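Lettering of chains follows the sequences in order, A, B, ..., and the numbering in each one begins at 1. Please read these numbers as outputs of a predicted model, since none were measured by experiment.
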Amino acid sequence: MNQKGIFKNVVVKKYIMGLSGLFLILFLLVHLSINLCALIPDGGNTFNELAEFMDLPVIKPLEVGLFIGFIIHILDALVLTLQNRKARKNGYEVSAANANSKWYSRSMGILGTLLLMFLIIHLAHFWFPNRFTGYELDGKESHNLYQLMLYTFNELWIVVLYVLVQISLGYHLLHGFRSAFQTLGLNHPRYNTIIEGLGVIYSITVPLLFAVIPVILYLRIHGYIPY
Amino acid sequence: MSHGDMNLTLKIWRQKNTETKGSFETYPISGISPDMSFLEMIDVLNEKLIVEGKEPVAFDHDCREGICGMCSMYINGRPHGPKNAVTTCQLHMRSFKNGDTIVIEPWRASAFPVIKDLAVDRTSFDRIMAAGGFVSVNTGNAQDANNLPISKEDADESFTSAACIGCGACVAACKNASAMLFVSAKVSQYALLPQGQPERKSRVLAMVAQMEEEGFGSCTNTGACEAECPKGISISNIARLNREYLGAALSSK
C-alpha cells in the first residue's frame, strides 16, 4: 500500500469538502448576525460600529482564513468534479434520477457556480470598495458601510439578484449541511434526526433572513415602510 | 414459456466489443406475457433474433433468483428497472404497460467497460475485494463459537452489509459512478466482526486505494445508490467507511 497516497485520495478530498463547507456554514451565521444589525433603526450606527470592528488588525488574519476557506472549498469541488466526470465518460441515453435522488443533491456544482458568480459581484459591491478603492457617496469620500448598503440596494435589480441567489444558497445548504456530516462519518440513528432537522432549519432560515435585509432596506429607502 | 399479449418496443444498446462504438437498435416484440421476468423477455427476443439469423443481445445473467448479482441492465433510466429492491431477473413484465417503449442500456462507468452489448466487465470489484476483502484464518479445526463473543446487533449489522451481491447498481445509479456503497458494505461486514479486526486498518486503506485506482468517482451523498440497491444496503455504511478510513489513515504506520 502506497502510504504517501493516503492523504491524496477521494475520501480525504471529501473530508476537506465537508470541513470547509461546515466552516463556511459557521461564517454565514456571523455574516448574517452582523447584517441583521443593519435593520436596527438607529441610522446604521450599530452596523457601522460592527463594520469598524471587523476592520481591526486582529480580524485581518480571520479574513484571510475565510478567503482560504472559500478557495479550498471551490478548488476541491473542481478537482472532485473533474475526477467524477472521468469516472463516467459515456453517459446514459435515458436517466430517471429523480426516482432515486433529489435534484439539488445532484446539482451542487451548478448551485455552487451560481453562488461563486454572486460572490464575485457581492465582493465588488461591498468588500472591494470598503477594503481598497474606497467609495464616494453624494460626491464625497466615505467610510460609512451602512450608507454604501443603502446606496447599493437603492437599485431594484440588485435587490432582486440578492433575493434570487438565496434560493441557490438554500438548496446548496439543504444538501450540503447533512452531507458534510455523512462525509465526516457522523451518521448515527441517535443523531441523524437532529442533524437533518438542524440542516433544514438552517437552510431555510439563513437564506430567508439574508433575503429579507435588502428587501426591507429597499422598501425603507423608497418610503414604502417607515424606518 | 407462457405466451401473452403484450406488445413492446425495445431500444437496446448494441456494441460489438470494448473497442468499437456502440449505438441503439430498436426491436418490436410481441406475445410477451406479463408473468415473464425481464430476462425471459430478452430470451424471447434473442430466440427471435437467432431465427432471423441476427446476432442475439449479449447480457449477463446467472442464478435468475436475485442472489448472484450478475444481471445488470439500465432500464428506462434506472438500474434494474422501475421497481425498488429487485434485480433485473426478479423484475416482471407486469411492471410495464402494453405498448411501452423500453430503453435498455449497459451500466455506464469507466471502471465497468462494456464487453459486448449489455454485458460489462465488473472485475474492478473483484480487484477491490482482492485488495482487502479477506480475514486471517488459522488452519485447523473450527474453534468453539463461544470463543468469539460478538453482540447480536453487530452480527446482524455485519450480515446486512454482507448481503451486498456486488451487482454494481450503486455505481450505475451514482452520478459520479462512485463505488462507495459497495466498498463500504465490504469494509463494514469485516469491521463489525471479531474475525475482521487483524486487518481492519490495512483493509480499508487498501480497498479505498484500489477503488481509486480503478477509476470510480467520489461520493457526493445523493443517496441514489441506496435507493437503487437490490439488497437495500444503507449509506450508513459509507459513513462507517469514512470513519474507518480517517482512523486508519491517522494511526497506521
Side-chain angles (χ1 to χ4, degrees), chain A residues 1-19 76-77 79-109 175-189 191-192 195, chain B residues 11 13 22 24 74-79 82 84 103 105 108-111 114 131 171-180 202 204-206 208-209 211-212 215-228 234-236 238-250 252-253:
Chain A
M1 156 103 225
N2 176 10
Q3 297 290 315
K4 276 187 202 151
I6 286 179
F7 292 101
K8 280 206 288 187
N9 79 48
V10 274
V11 176
V12 176
K13 284 181 199 141
K14 284 297 297 181
Y15 293 151
I16 294 168
M17 203 66 203
L19 284 172
D76 199 26
V79 170
L80 283 167
T81 305
L82 291 176
Q83 197 171 345
N84 293 341
R85 287 266 171 87
K86 253 171 62 186
R88 178 172 294 132
K89 288 179 193 125
N90 304 314
Y92 291 107
E93 174 87 355
V94 178
S95 171
N98 284 332
N100 57 39
S101 51
K102 295 272 188 283
W103 71 267
Y104 51 85
S105 76
R106 302 189 306 270
S107 313
M108 292 299 274
H175 178 70
F177 192 99
R178 60 189 293 272
S179 179
F181 287 92
Q182 164 81 2
T183 296
L184 296 171
L186 301 165
N187 177 319
H188 189 284
Y191 314 116
N192 285 351
I195 293 170
Chain B
K11 207 177 153 194
W13 183 261
F24 281 98
Y74 203 77
I75 303 159
N76 284 347
R78 292 181 70 185
N84 287 334
V103 182
E105 301 175 71
R108 297 283 189 195
S110 304
V114 173
V171 175
C174 177
K175 72 183 262 284
N176 310 322
S178 169
M180 283 287 274
S202 60
V204 65
L205 296 177
V208 167
M211 173 184 85
E212 180 139 21
F216 291 103
S218 69
C219 174
T220 48
N221 306 318
T222 67
C225 52
E226 179 184 69
E228 298 293 2
S234 162
I235 55 169
S236 63
I238 297 181
R240 184 181 292 108
L241 182 148
N242 288 334
R243 288 197 296 276
E244 292 284 325
Y245 190 89
L246 187 61
L250 292 175
S252 68
K253 285 179 197 131

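Annotation: the span from B/N242 atom CG to A/Q182 atom CD amounts to 6.5 Å, rounded to 0.5 Å. Rounding to the nearest 0.5 Å places OG1 of A/T81 at 8.0 Å from CG of B/N176. Between the CG atom of A/N187 and the CD1 atom of B/I238 there is a distance of 9.5 Å, given to the nearest 0.5 Å. Interatomic distance, B/E228 CD to A/S101 OG, rounded to the nearest 0.5 Å: 8.5 Å. Here the OG-CD distance, from B/S218 to A/Q83, works out to 6.5 Å after rounding to the nearest 0.5 Å. Distance check: A/H188 NE2 to B/R243 CZ gives 8.0 Å after rounding to the nearest 0.5 Å.
Heavy-atom pairs under 4.5 Å with chain A peak, among B/S178, B/C225, B/C219, at B/C219. Chain A forms more heavy-atom pairs under 4.5 Å with one residue of B/A109, B/G217, B/A177 than with any other, namely B/A177.
Summarising the geometry of B/T220 relative to A/S179, their closest heavy-atom pair is O-OG, 4.0 Å, with the distance given to 0.1 Å. Minimum interatomic distance between B/E212 and A/N9 (heavy atoms only, all atoms of both residues): OE1-CB, 2.5 Å. Taking both residues in full, the closest heavy atoms of A/V11 and B/Y245 are given as CG1-CD2, 3.9 Å, listed atom of the first, atom of the second, then distance.
A 6.0 Å sphere centred on CZ of A/R88 holds more than 12 heavy atoms belonging to other residues, nucleotides or ligands.
Between the side chain of B/R108 and the backbone N or O of A/Y92 there is no donor-acceptor pair closer than 3.5 Å. Formation of a donor-acceptor pair under 3.5 Å by the B/E105 side chain with backbone atoms of A/E93 is found in this model.
With a 4.5 Å cut-off on non-hydrogen atoms, B/I75 does not touch chain A at all. For A/Y15, the part lying near chain B is the side chain, with the backbone staying farther off; criterion is any non-hydrogen pair under 4.5 Å. When heavy atoms are compared at a cutoff of 4.5 Å, A/K89 approaches chain B by way of both its backbone and its side chain. Using a 4.5 Å cut-off between heavy atoms, B/A131 makes no contact with chain A at all. Heavy atoms of B/R240 lying under 4.5 Å from chain A are absent altogether. Heavy-atom distances place the backbone of B/F216, and not its side chain, under 4.5 Å from chain A.
Residues B/K11 and A/V94 fail the side-chain proximity criterion, which asks for heavy atoms closer than 4.5 Å.
Side-chain contact annotation: A/S105 with B/N221, donor-acceptor N/O pair under 3.5 Å absent.
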